Amino acid sequence: MKIKLIENGLDSLKKGFEYLKQYEEQYLLEKSGHERYFILKDAILSIHHGIEILFKEVLRKSNELLIYSDIDKSLKNAYVEKRQRKLDSLFETSQTLHTVTFREAIDRVQRICGHEINQHFSNKLHKIEDYRNQITHSEVALDEIEINETFDGLIDEVDIFFMKSIGTEYSTLTGYAQLKEKYNVSVK
């Protein structure tokens, strides 16, 4: 199986916003219970994953080394193996490589690559990471209203940021722009 960073990120982002749409339909119908919460959980996990991978794509476009946490022996050996075996990606090598965390990717995109992220968007990104961490590592006790506020307008902020930082490849690869358009129409 071979999936490029941008394909991986867009797929997760697309699925996350599909889950979010399902959740909002449940919420508007005032359906309570675990089914609605599990849909929201899937939305959070997918959207977080998609955003994280797309930030790594921004780093990769600037300099492939920026997506890795350390330039260590494993990374150096991966480059040697990539050249010797004529591979397309370092991830095809036998080396175990570690990429940067969500927050470190955001920090590098801003500080090293020079992309601006306004405080409002940054706060939302950090909240999504906090939700994801609670879902992934423990029992979940989150404020549904706060989560809804975090997601309010997020699709536009994500779209604007990645269109600027990745370019046309961002919107054309998986039909995400059409999904966004359908989502916006259904929410109105």
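Since this is a predicted model, take the numbers as computed values, not measurements.
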Within the 4.5 Å heavy-atom criterion, are Ile112 and Asp107 side-chain neighbours or not?
no

Does Glu116 use its side chain to pair, donor to acceptor, with the backbone of Gln110 at less than 3.5 Å?
no

Check the side chains of Tyr37 and Gln26 for a donor-acceptor pair under 3.5 angstrom, ignoring hydrogens and angles.
no

Would you call the rings of Phe55 and Phe161 parallel, tilted or perpendicular, taking 30° and 60° as the class edges?
tilted

Roughly how far apart are Leu45 CG and Ile135 CD1, rounded to 0.5 Å?
4.5 Å

Working to the nearest 0.5 angstrom, can you tell me the gap between Lys41 NZ and Thr136 OG1?
8.5 Å

Can a side-chain donor-acceptor contact be found between Tyr79 and Gln95 if the only test is distance below 3.5 angstrom?
no

Going through the distances and angles, do Lys15 and Glu18 end up as a salt bridge (Lys or Arg N to Asp or Glu O under 4.0 Å)?
CA-CA 5 Å; Lys15 287 177 180 165; Glu18 287 172 356; over 6 Å; no

Same hydrophobic cluster for Ile44 and Phe38, using side-chain heavy-atom links shorter than 4.5 Å among ILVMFWY?
no

Please tell me if the side chains of His49 and Arg132 come closer than 4.5 Å, counting only heavy atoms from C-beta onward.
no

Between Lys76 and Asp72, is there a side-chain N and carboxylate O pair less than 4.0 Å apart?
no

When you compare the side chain of Ser69 with that of Thr99, does any pair of heavy atoms fall below 4.5 Å?
no

Going through the checks in order, is the side-chain contact (heavy atoms from CB on, under 4.5 Å) test met by Lys164 and His115?
CA-CA 9 Å; Lys164 285 181 183 175; His115 295 284; 5.9 Å; no

Are any of the side-chain nitrogens in Arg108 or Glu104 under 4.0 Å away from the carboxylate oxygens of its partner?
yes

Salt bridge or not for Asp88 and Lys2, using N-O below 4.0 Å?
yes

May I ask you to say whether Arg85 pairs ionically with Glu81, meaning some side-chain N is under 4.0 Å from a carboxylate O?
yes

Short N-O contact, Lys82 and Glu92, less than 4.0 angstrom
no

Start with the C-alpha distance between Glu35 and Tyr23, add both sets of side-chain angles, then the distance that settles side-chain hydrogen bond (donor to acceptor under 3.5 Å, both in side chains), and finish with yes or no.
CA-CA 9 Å; Glu35 181 182 344; Tyr23 161 77; over 6 Å; no

Would you mind telling me which of Leu10, Asn8, Ile3 makes a side chain to side chain contact (heavy atoms under 4.5 Å, CB included) with Ile53?
Asn8

Could you tell me whether Phe91 atom CZ has more than 12 heavy atoms of other residues or ligands within 6.0 Å of it?
yes

When you check the gap from the basic side-chain N to the acidic O, do Asp130 and Arg103 get nearer than 4.0 Å?
yes

Compare all side-chain heavy atoms of Asn63 with those of Leu66 and state whether any distance is below 4.5 angstrom.
yes

Closest heavy-atom pair, Leu75 versus Leu90, reported as atoms and distance to 0.1 Å, is CD1-CD1, 3.8 Å

Closest non-hydrogen contact found for Leu59 with Cys113 is CD2-SG, 3.8 Å

Electrostatic pair Lys127-Glu149, nearest N-O below 4.0 angstrom:
no

Are more than 12 heavy atoms from other residues, nucleotides or ligands located less than 6.0 Å from atom NE2 of His120?
no

Can you check whether Gly9's main-chain N or O pairs, donor with acceptor, with Lys56's side chain at less than 3.5 Å?
no

Is the shortest distance from a Lys or Arg side-chain nitrogen in Lys21 or Glu24 to a carboxylate oxygen in the other one below 4.0 Å?
no

Considering only heavy atoms from C-beta outward, does the side chain of Ile47 approach that of Tyr19 to under 4.5 Å?
no

Hydrophobic clustering (ILVMFWY, side-chain heavy atoms < 4.5 Å, transitive) - are Ile160 and Leu13 grouped together?
no

Closest heavy-atom pair, Ile166 versus Lys61, reported as atoms and distance to 0.1 Å, is O-NZ, 3.2 Å

Centroid-centroid distance, His98 to Tyr68, less than 6.0 Å
no

Within 6.0 Å of NZ in Lys4, more than 12 heavy atoms from elsewhere
no

Is it true that the side chains of Tyr170 and Asp159 contain a donor and an acceptor less than 3.5 Å apart?
yes

Is the shortest side-chain heavy-atom distance between Thr96 and Ser74 below 4.5 Å?
no

Which atom names give the shortest non-hydrogen contact between Ile67 and Arg60, and what distance separates them?
CG2-N, 3.7 Å

Please say which of Asp143, Val140, Leu142, Leu40 ends up in a side chain to side chain contact (heavy atoms under 4.5 Å, CB included) with Tyr131.
Leu142

Could you give the distance from NZ (Lys124) to CG (Asn118), rounded to the nearest 0.5 Å?
9.5 Å

Are any non-hydrogen side-chain atoms of Val80 and Arg83 less than 4.5 angstrom apart?
yes

What is the minimum heavy-atom distance between Ile128 and His48, and which atoms define it?
CG2-CB, 3.8 Å

Reported CD-to-OG1 distance for the pair Glu52 and Thr101, which is rounded to 0.5 angstrom:
7.5 Å

